[in-house]
Amino acid sequence: MPRKLAAGNWKMNGCSPDLTEARRLREACPDPSVGVLICPPATLLSRLSDLLQDSPIATGGQDCHANGNGAHTGDIAAGMLADAGAAFVILGHSERRTDHAESNDTVRAKAEAAIAARLTTIICVGETKAEREAGDTLKVIAAQLAGSLPDGVTAENTVIAYEPVWAIGTGLVPTIDEIDETHEFIRTHLDARFESDTGEEISLLYGGSVKGSNAAEIFAVEHVNGALVGGASLKCDDFLPIIRALEAS
Ligand code: 13P
């Protein structure tokens, strides 16, 4: 069975005072029956990891470089994230693909580096509004999966997040049928590519305007094993209902 995971992506939000939200979450949720993850900005990663040490809540980075070290001003190597306490790293988020022109090849190289550093990667795929309207959603996702996933993928080192670009931060959410269609397509694609049970066991997350109010119906979709949550992960009071909905699913 794929592991259930509620993952928070704080994006470029959060300074020292916001660690309080993670502290509150730790206290409100000392023994979750699903995986819980917070990916803060890099500036908070080490302190957040210390704060959540000995708790079941994991931490992760939001990106890493493909190289292990060197002259790459402003970048962070996968091993540095691990050194700061991270167990996960988000890769190929649409905001990275857009803001930093990250290609599938770039994402795959980063994933190889992250896996070598023993991080679990959360690799993001998803179509733009124009691509959906053109009927290209599944074609786009297939190309992103084919290009972004390295051959060394296992259910232990990789999670896939389906995030329609047009649903991120907009309050728009695909219909349940649309979420069902894309997740089943991703599962079939993974099954066809990876040996034995890997394709069946990789966790698939949905991301894009997930909130406490819509989480339960999204988690009821067959191949949805959790969520990658942006805005609603910033506050304990908003993230906790999503975690509870996943536990109840
Ligand atoms: P929102 O939950 O704010 O729509 O963001 C989704 C996302 O991009 C998570 O990575």
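In what follows, residues are counted from 1 in the order of the sequence shown. Counting convention: from 1, in listed order, for ligands and their atoms alike.
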Residues forming a salt bridge (charged side-chain N to carboxylate O under 4.0 Å, His left out) with Asp63, sequence neighbours excluded
Arg96, Lys110
List the atom pairs, with distances to 0.1 Å, where a side-chain N or O of residues 213-224 and a protein N or O form a donor-acceptor pair under 3.5 Å, not counting sequence neighbours.
unit_1 : atom_1 : unit_2 : atom_2 : d
Asn214 : OD1    : Lys211 : N      : 2.7
Asn214 : ND2    : Ser209 : O      : 2.9
His223 : ND1    : Arg187 : NE     : 3.2

Quick test of your reading: applying salt bridge (charged side-chain N to carboxylate O under 4.0 Å, His left out), list the pairs with at least one residue in residues 32-61, sequence neighbours left out, ordered by first then second residue.
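Non-adjacent pairs meeting salt bridge (charged side-chain N to carboxylate O under 4.0 Å, His left out): zero.
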Could you list, one pair per line, each nitrogen or oxygen of ligand 1 together with any protein nitrogen or oxygen closer than 3.5 Å, giving atom names and the distance rounded to 0.1 Å?
unit_1   : atom_1 : unit_2 : atom_2 : d
ligand 1 : 2 (O)  : Gly230 : N      : 2.9
ligand 1 : 3 (O)  : Gly231 : N      : 2.8
ligand 1 : 4 (O)  : Gly169 : N      : 2.7
ligand 1 : 4 (O)  : Ser209 : N      : 2.8
ligand 1 : 5 (O)  : Lys11  : NZ     : 3.3
ligand 1 : 8 (O)  : Lys11  : NZ     : 2.8
ligand 1 : 8 (O)  : His93  : NE2    : 2.8
ligand 1 : 8 (O)  : Glu163 : OE1    : 3.4
ligand 1 : 10 (O) : Asn9   : ND2    : 3.0
ligand 1 : 10 (O) : His93  : NE2    : 2.9
ligand 1 : 10 (O) : Glu163 : OE1    : 3.2
ligand 1 : 10 (O) : Glu163 : OE2    : 3.0

Would you call [X] and [Y] a salt bridge, using N to O less than 4.0 angstrom?
X      : Y      : result
Arg24  : Glu21  : yes
Glu102 : Arg97  : no
Glu133 : Lys129 : yes

